[in-house]
Amino acid sequence: MKNIDCTQCSHQVDLNAVICPQCHAAQGLEALAGVDPEVHIKNQNLTVWFGFLFGGLGLHRFYLGQYVKGSLYLVFSWTLVPMVVGWVDAIRTLKMSPFSFEQRYCRRATQYYI
């Protein structure tokens, strides 16, 4: 098993590790590319499908990381109002440009340049 030094804290890290267990800094190619392993990019098409099919349960809101809104959809799902609102959300997301969707729902590390 080969080890390397962490680029931030010089702690011994496995060669295949993505992040340092000591300081949580990115290692290997992820560090060189500026990719944060904690950032998850959302898929616009999947969000639209979740809104149409499971909008009444708020699955599309949970997928986007909006847990409070998703919980409200789930609590009021027996009224069928969240289903209609989920369809409206799906149509709005469908009409949204990919750039606008990414800016609104995908947090990236590149937004923090000075």
Side-chain angles (χ1 to χ4, degrees):
M1 182 167 98
K2 291 188 175 186
N3 290 334
I4 59 170
D5 291 333
C6 173
T7 57
Q8 296 293 322
C9 68
S10 299
H11 183 261
Q12 288 290 318
V13 180
D14 183 41
L15 181 64
N16 297 324
V18 176
I19 60 171
C20 174
Q22 183 76 20
C23 67
H24 304 291
Q27 302 296 313
L29 294 177
E30 287 81 9
L32 295 175
V35 175
D36 185 2
E38 299 298 320
V39 174
H40 299 288
I41 298 173
K42 308 297 184 209
N43 186 334
Q44 185 175 4
N45 293 331
L46 190 59
T47 305
V48 170
W49 279 107
F50 282 162
F52 276 125
L53 299 176
F54 304 107
L57 300 175
L59 184 62
H60 63 294
R61 293 295 181 180
F62 285 112
Y63 176 71
L64 293 174
Q66 299 173 341
Y67 303 114
V68 175
K69 287 183 180 181
S71 298
L72 288 173
Y73 279 67
L74 195 58
V75 167
F76 292 107
S77 63
W78 62 274
T79 64
L80 299 179
V81 172
M83 183 173 62
V84 175
V85 176
W87 291 343
V88 171
D89 289 343
I91 291 170
R92 284 184 179 170
T93 305
L94 185 63
K95 289 184 176 183
M96 191 180 295
S97 72
F99 179 76
S100 297
F101 180 82
E102 188 173 322
Q103 289 294 313
R104 187 167 187 174
Y105 297 116
C106 301
R107 294 179 299 137
R108 289 181 181 251
T110 57
Q111 292 178 351
Y112 302 109
Y113 285 126
I114 296 174

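In this text, all values refer to a predicted model and were calculated from it rather than measured experimentally. Values below: every heavy atom of this structure, side chains too, minus hydrogens, waters and symmetry copies.
Annotation for Tyr63: atom OH counts as buried by contact number, over 12 foreign heavy atoms lying within 6.0 Å.
When the ring pair (Phe, Tyr, Trp, His ring centres under 6.0 Å) test is applied to Phe101, the partners found at least two apart in sequence or on another chain are Tyr105. Residues meeting the side-chain hydrogen bond (donor to acceptor under 3.5 Å, both in side chains) test with Thr79, sequence neighbours left out: none.
Considering all non-hydrogen atoms of both residues, Tyr73 and Pro82 come closest at O-CG, 3.6 Å.
Both Met83 and Ile91 belong to a common hydrophobic cluster when Ile, Leu, Val, Met, Phe, Trp and Tyr are linked at side-chain heavy-atom distances under 4.5 angstrom.
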Taking only distance into account, with no hydrogens and no angle test, what donor-acceptor pairs under 3.5 Å do side-chain atoms of residues 64-72 form with protein atoms, sequence neighbours excluded?
| from | atom 1 | to | atom 2 | distance (Å) |
| --- | --- | --- | --- | --- |
| Gln66 | OE1 | Arg61 | NH1 | 2.5 |
| Ser71 | OG | Tyr67 | O | 2.8 |

Please list every donor-acceptor pair under 3.5 Å in which a side-chain atom of residues 44-59 meets a protein atom from a residue at least two apart or in another chain.
| from | atom 1 | to | atom 2 | distance (Å) |
| --- | --- | --- | --- | --- |
| Gln44 | NE2 | Thr93 | O | 2.7 |
| Gln44 | NE2 | Met96 | O | 2.8 |
| Thr47 | OG1 | Asn43 | O | 2.8 |

